[in-house]
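The structure appears below as structure tokens.
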2 protein chains.
Amino acid sequence: MSLHLDPVLLFKCLADETRLVMSLLLQAEGELCVCELTCALDASQPKVSRHLAQLRHCGLLQDRRQGQWIFYRLHPQLPAWVNLLLQTTQQGNPDLLIASAARLAQMGERPERDAACC
Amino acid sequence: MSLHLDPVLLFKCLADETRLVMSLLLQAEGELCVCELTCALDASQPKVSRHLAQLRHCGLLQDRRQGQWIFYRLHPQLPAWVNLLLQTTQQGNPDLLIASAARLAQMGERPERDAACC
DNA sequence: TACGCATATAACAATATCCATATATAATAA
DNA sequence: TTATTATATATGGATATTGTTATATGCGTA
């Protein structure tokens, strides 16, 4: 059974560069903690945290705590059309992630993931 | 050769119920004039007109004048990912158009289209 | 020309969004 | 306990978005 996700709310979520890049980066990377996203996006921690909260509230993201860190990923029960929409956006705009993926790759001291909880 | 369409701008366009329904209705119906959209959406004429202008400015819609009427349609040179995204949204949310399509179907006195100009 | 219809735009108020700064909470380590 | 790190939230100001009302423009017709 998949989540319901109001399309207007979803588009509001994606209608901001920070949130769009975060969403696509999570789609590409699977799971990232707030500090990794902060580095990848080159943005302030409160800014990243607030946008993540918005994405979580609308149902696009799920979080889990692991020790000090909180890892975010796309919600595992996203409706199929939402996953397809994200893939389509990514494939039609491959340059959107270049800078943030590069910053993430260069980042040192990334926290280790425990065995995925589910 | 297809248009470039900034994804954040596109999502801003779709992040409003009036604009989202208009866009999907045009995808389903092909071409509609402002008065048809005004009826279908049950909205004021200036409201419809201003949202249409926004969709046109961002590149999602194209218009043509035919006598007194101005017909809008999806821009014929949309990038493939944009068309796919609209289709995906429509198929994942079939109820979005029910009310407006019904109002359109019940509308009397709809203007006749001349042979499509292009 | 004048009039009516279809559409676009302007002006304004109400509301929403965004960012930065400051502060709060939670986990871990000493 | 205290300190440190990671993350979340509150507050306030700047800016953007939205809808309504009023007005302008453009076409067709008398």
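Because the structure is a prediction, the values reported are computed rather than measured. The sequence lines fix the lettering, A, B, ..., with proteins before strands; numbering per chain opens at 1.
- Of the residues in residues 100-109 of chain A, none has a non-hydrogen atom less than 4.0 angstrom from any atom of DNA chain C.
- With rounding to whole Å, Glu36(A) atom CD is found 14 Å from dT7(D) atom C1'.
- Atom CG of Asp63(B) and atom C1' of dT9(C) are 15 Å apart (whole Å).
- If you take CH2 of Trp69(A) and P of dA8(D), they are 14 Å apart, rounded to a whole angstrom.
- Contact between the side-chain N/O atoms of Tyr72(B) and the OP1/OP2 oxygens of dA8(C) is found at a separation under 4.0 Å.
- At least one side-chain heavy atom of Glu31(B) sits under 4.5 Å from a side-chain heavy atom of Arg64(B).
- Between the CD1 atom of Ile70(B) and the C1' atom of dC5(C) there is a distance of 12 Å, given to the nearest Å.
- Pairing each heavy atom of Ser44(A) with each of Thr38(A), the nearest pair is C-CG2, 4.2 Å.
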What string of B, S and - do you get for nucleotides 13-30 of chain D, 5' to 3', when a contact is any protein heavy atom under 4.0 Å? -----BBSBB---SSS--

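- Looking at heavy-atom distances under 4.0 Å, Phe71(B) makes no contact with the nucleic acid at all.
- With rounding to whole Å, Leu52(B) atom CG is found 11 Å from dA8(C) atom C1'.
- With a 4.5 Å cut-off on side-chain heavy atoms, Leu86(A) and Leu14(A) count as touching.
- Sequence neighbours left out, not one pair with a member in residues 25-52 of chain B passes ring pair (Phe, Tyr, Trp, His ring centres under 6.0 Å).
- Partners of Gln54(B) according to the side-chain hydrogen bond (donor to acceptor under 3.5 Å, both in side chains) rule, which considers only residues two or more places apart in sequence or in another chain, are Arg19(B).
- In this structure, the separation between OG on Ser23(B) and CG on Leu10(B) is 8.5 Å, given to the nearest 0.5 Å.
- Shown here are the ring pair (Phe, Tyr, Trp, His ring centres under 6.0 Å) partners of Phe71(A), two or more places apart in sequence or in another chain: there are none.
- Sorted by first and then second residue, the side chain to side chain donor-acceptor pair (under 3.5 Å) pairs involving residues 77-91 of chain B (not counting sequence neighbours) form an empty list.
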